Every structure is written in structure tokens, then in C-alpha cells.
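Structure first, commentary second.
All ligand and atom numbering here is 1-based and tracks the order in the structure. In this text the structure is predicted, and so the values were computed from the model without any measurement.
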Amino acid sequence: MSVESPDKSAWWESAVIYEIAPISFQDSNGDGKGDLAGLISRIDYLKWLGVDAVWLTPIYKSPFRDLGYDISDYCAIDPAFGSLEDFDRLLAALHGKGVRLILDLVPNHTANDHAWFAESSSSRNSAKADWYIWADAAENGGPPNNWLSRFGGSGWEWCEARRQYYYHSFLVEQPDLNWRNPQLRAAIADVMRFWLERGVDGFRVDASAVLIKDALMRDNPAKPDAEGKPPPQRQTPVFTDDRPETMDCIEFIRSVIDEYPERMLCGEVQGKTDRIGHFYGNDKPRLHLPLNFALLDSQWDALSLQATIDAYFNAIPEQAWPVWVIGGHDKQRVASRIGEAQMRVLAMLLMTLRGTPFLFMGDEIGRKRVPIPSERVRDPFEKLVPGYGLCRDPERAPMRWDDSPDGGFTTGQPWLPQERPDGAANIATQRRDERSILALFRALMALRREHACLRRGAYEPLRSQNDVLAYKRTDRGSGFLIALNIAAEPRKYHWQGRGRLLISTHLDRPPEPLPDASILLRGNEGVIIAIEAR
Ligand code: GLC
């Protein structure tokens, strides 16, 4: 199988996209929380690294119960981050360096202190009465049905003023908006236009697969294999998640994006690879880039990775542009699972696969999960559904810019603890080390920029064997062969043709012609070989 390049290319098809949780990136005022002024001071680093676009987790006004995914005002910057003027400065500074800015769009729910909810919950006759999901009690006075909140317990909360329940997919303090209501849709469109007019380059749509819930409010069935799963995952969410009507909402959101040239829509979608193709749309376009976490979910061996990559390419429509994500604010750090040596292999895989790479701040230094003492836990997921390893704080800990105790992140008390400085990955130390994983990420990103074939060339799988995952990226016969040793021991890799070794994940082999068509890969080594047309 090979995937051909479409004729025209958009900026996001060539971009490397870097996710930032601004609260943990750089503090500028000593309050222990990152802010926009801090972020501005780190743009030079992003540029040095070779990032083309940043996606910021929410920076809007919020009580911050859920990392800002509980929004009180969609068109205001939270004072902890700065002001709208700071935002405009940030955008201008990023654009001045050629870096694009993607914001998080959270259309599924607001915070319960949002003015829309105050009005909606005040009475059944209010102007916004139908902007959220309201339902009468069941006959016994209890919740209308068995739907659960992802953060534990019933998804329904009683409201005395209306004598009705409202639905919340997540926290009680995050009521779900009613996407069947055209006025609500129009209001979200206006929110998008507010930021698009200011010049943002696109949005990442949060929880896009759950925007519509079943109109009949039918009960979700129990999962057959529920045992041992966290309580909210013991149902099959057929009537709350991934409803066909949701696609219409995504098409609507896309139509707003398309009012403006060159803007991109990516989005959090349903987990399974076989569903991901839907989110691109057929006759009507949906997301440009549905986020694909398959590499994170894959077992870490050559055959599983080969199968994972193949299954994904098979699941997306022919003209769809692929996406590969290796980290995120909801995802456990992959370096903790596969180890430092294989993290370098993953860097090479990510930067040489066909599709847009997404990484999360800190992935470029191979950052691992940061242990968070129980008394410092902030994530509501862990507080409400404890004991299942669901805590997301270990990935959200503040950046380590250097080896000082505060990591160069803050002069105050950081909102979440960092690792101890000794031996922990940090940017300054790795910048000085020309063989660090940071140096590797940077070199691979530079290669990608330099060679159109690595960005746009066809993907040609080779048969992976002997623990070596291998494929080609080609353009009219010439191009690159990538061979990745997923094992910790040396492996010989044979191929046919002539080539020149360009780079090794170890960063210790100079570019050199390869005398015969085989190479001895050291343990955990990946290489890119430039190959000539036969
Ligand atoms: C999305 C966010 C996640 C958040 C949830 C509820 O899934 O990625 O961080 O907890 O929405 O707001």
C-alpha cells in the first residue's frame, strides 16, 4: 500500500505542531503559574527547536477546576494568564517568527458560572432556557436515565430553580451545552469568529465526538467486560458518545472556519482507529486533522507498530491527510512506558511518517511522568475516580528549563511539583549536549523542513522483521529508507539498492555512503538512509 500525495498542500500538512499547557510552560510574575508573558519569552526556544505551530490548552476565563476546560467566558483571557492585550502581543510575536497559533475550542460544555448557564438555570422560561441539556426527573424523582459522568457518578445534577436535571459529561460544574439549539450554535460560531478575526490560525475542538446525545435519552447498556474498569467506563456509551448527529455539528464548526482563509481545524475524536476516518468527512468536510493517538496505544514492538500504522492508513479516506500524536495533556508520557532509548526511536518514527506530527511540551527532552504526592494532586479525574491510575497531573507538571530547583519555570511555588532537579531531563542541559534527544528532535525537524519528500512523499511500507520496523518515503523512486531497531540488542538490516546514511538516532555517525545493502543497527538505533532511484 502506498498513499499518494494530494496535489495541493496546506500549511498544516507540512507543520510540526507543539501542544503547550500555558499554566506549566513559563511563569513571568512569580505566582507559580505559567502565563502569556512567560510564553512570549520562550518563543525563541520554539523557533530554535523548529516548531511551526503551537496549540494552547484553554487560556480563557475559568475557575480552573479542569485545566481551564471549564470556561466562564469564551471571549476573555483568564487574569492568571494575562489580558487580551497580552494575547494580541503573543499572537503578533508568534506570527513575527513564523509560528502559527491554534486555540482550544471547548464547545461541549461551559463552567457553571458562565453567564449562559446562570440564565439557563434561572428558570424554564428564560431566554436561554434551552441552551443546556435539561430533563425532568424520572418517575421516582431520580435522574432521567443511567448516563454517567466521565469523572464519576451520575451525569445528571438537580437544579432546584427549574426543578429539573441538567446533564454534565464531565464535572458537575461543567454543564453540557445543547447543540440541537440553533441559537447556541450561532453563539459558538460568534466565539470562533471573535478569535479568528484576531488572527488565530485555527482550533483544536475539544471532546468533539460527544457534542450530541441521544434525543430519546435511552439508557446506555452495561459493558460485558466491565470488571476492573473505572466505574464511568463500565457502560458502553452508545447513546452519549459518537452519535451520527454529532457529525453535523462538526460540519457546522468547519463551515465557520472556512469563512476565513488558511485556518485549520483539528480535534479530539473517539478513541478507536476504525472510527477515525469519519471525522474527515465525505461530501461535507469535517476536521482537517482528527487527532490520532494510535502510536500511544500500540504495543511497543516492530510487528505491532507495523500493524498499527497500517491499520491507521487503511482507516482514513484516500485524500485525507494523516496525523500522528505522541503526547498530550490527557495522555501518559510515552517516555515512561518505552524508556529513553526507544523514545529516540519514536522521535525518528514521528518525524519520518507521512502526516502531521503533534508533540506535547517536554516530549522533545524525553520527559517522563512526574510523581505527584497525593496531597498535591489537582486533577479532578484522580480525585473523583481514585485508584485507577487516571491522574493526569504527572504529564502536566511545569516545564524544566534548567537544572535549578525551580527549573527556571517560576520564582514562586509551582502550582504542581516538578521532579527533583538532579538527573531530571531539562532543556538547558540538553541544549548543551549535541547528542541529546533534544538535539535529535531538532535535527529531525530540520531534515523534514529540508526534504519535501519527508513531508509529502509517498509512504511505502517494507516488511518489518527481526525487530526492525522499516519503510520508505519516496518521490519518483528516490527518497529515504527508515529502519528502526525496536530491540535493545543489535540487529542486521538488509535492503536492496544503494544508499547513504544520513542520520542515526545516536547522533554519532557522520553521513556516509553505505558500501553494501545492509547495515548493522545497534540496540535501540534508528537510521535514515537516502536512497537513489533504481
Ligand atoms: C477534554 C480535555 C480534557 C478535559 C475534558 C473535559 O477531553 O482534553 O482535558 O478534562 O475535555 O473538559
Side-chain angles (χ1 to χ4, degrees), residues 17 19-24 55-72 74 78 102-114 117 132-133 147-153 155 157 166-177 179 188 203-213 230 232-233 237 240-242 246 249-250 253 265-272 279 287 289-293 296-297 323 325-333 358-361 377-385 388-397 415-416:
I17 303 184
E19 182 191 352
I20 293 177
I23 191 171
S24 282
W55 144 32
L56 307 186
T57 61
I59 50 175
Y60 317 106
K61 191 159 187 297
S62 165
F64 241 80
R65 292 190 182 90
D66 182 25
L67 202 75
Y69 285 94
D70 43 337
I71 297 170
S72 321
Y74 284 114
D78 194 86
I102 310 298
L103 290 183
D104 228 301
L105 178 72
V106 188
N108 180 67
H109 46 271
T110 66
N112 61 351
D113 66 352
H114 194 293
F117 189 68
Y132 290 81
I133 299 179
W147 295 351
L148 298 174
S149 155
R150 276 177 184 59
F151 287 162
E157 183 72 9
Y166 70 84
Y167 182 64
H168 57 93
S169 299
F170 299 94
L171 292 175
V172 171
E173 296 91 352
Q174 287 169 304
D176 278 35
L177 289 160
W179 269 82
I188 296 285
F203 292 103
R204 172 264 187 188
V205 188
D206 183 65
S208 70
V210 304
L211 292 176
I212 293 255
K213 290 85 189 167
Q233 292 167 28
T240 43
D241 293 23
D242 205 8
T246 298
C249 307
I250 299 176
I253 292 172
L265 200 62
C266 59
E268 181 187 32
V269 299
Q270 211 62 16
K272 295 243 175 63
F279 289 87
L287 303 174
L289 303 178
L291 300 182
N292 161 34
F293 296 105
L296 289 179
D297 298 334
V323 186
V325 187
I326 62 156
H329 66 282
D330 291 329
K331 299 287 174 189
Q332 299 204 349
R333 291 271 183 193
F358 277 72
L359 60 157
F360 183 48
M361 57 182 216
V377 166
R378 301 290 290 259
D379 184 6
F381 211 0
E382 175 65 14
K383 290 187 186 169
L384 294 169
V385 192
Y388 292 91
L390 297 174
C391 190
R392 298 167 294 178
D393 291 337
E395 359 297 328
R396 298 173 174 183
W415 77 284
L416 269 182

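Legend: residues meeting side chain to side chain donor-acceptor pair (under 3.5 Å) with Ser169, ordered by chain and number and at least two apart, are Asp176.
A side chain to side chain donor-acceptor pair (under 3.5 Å) with Ser62 is found for exactly one of Asp78, Asp70, Thr110, namely Asp70.
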Just list the N/O pairs, ligand 1 to protein, that are under 3.5 Å apart, with the distance for each.
unit_1   : atom_1 : unit_2 : atom_2 : d
ligand 1 : 7 (O)  : Glu268 : OE1    : 3.1
ligand 1 : 7 (O)  : Glu268 : OE2    : 3.0
ligand 1 : 8 (O)  : Arg204 : NH2    : 3.2
ligand 1 : 8 (O)  : Asp206 : OD1    : 3.3
ligand 1 : 8 (O)  : His329 : NE2    : 2.8
ligand 1 : 8 (O)  : Asp330 : OD2    : 2.5
ligand 1 : 9 (O)  : His329 : NE2    : 3.1
ligand 1 : 9 (O)  : Asp330 : OD1    : 2.7
ligand 1 : 9 (O)  : Asp330 : OD2    : 3.4
ligand 1 : 9 (O)  : Arg392 : NH1    : 3.3
ligand 1 : 10 (O) : Asp66  : OD1    : 3.0
ligand 1 : 10 (O) : Asp66  : OD2    : 2.9
ligand 1 : 10 (O) : Arg392 : NH1    : 3.0
ligand 1 : 11 (O) : Asp206 : OD1    : 3.2
ligand 1 : 11 (O) : Asp206 : OD2    : 3.1
ligand 1 : 12 (O) : Asp66  : OD2    : 2.7
ligand 1 : 12 (O) : His109 : NE2    : 2.9
ligand 1 : 12 (O) : Gln174 : NE2    : 3.2

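Within a 6.0 Å sphere centred on NZ of Lys383, other residues, nucleotides and ligands contribute more than 12 heavy atoms.
Both tests hold for Lys331 against Phe293: distance to the six-membered ring centre under 6.0 Å, angle to the ring axis within 45°.
Within the 4.5 Å cutoff, the side chain of Glu19 has heavy atoms near those of the His329 side chain.
Asp242 has no carboxylate O lying under 4.0 Å from a charged side-chain N of Lys272, or vice versa, which leaves the two without a salt bridge.
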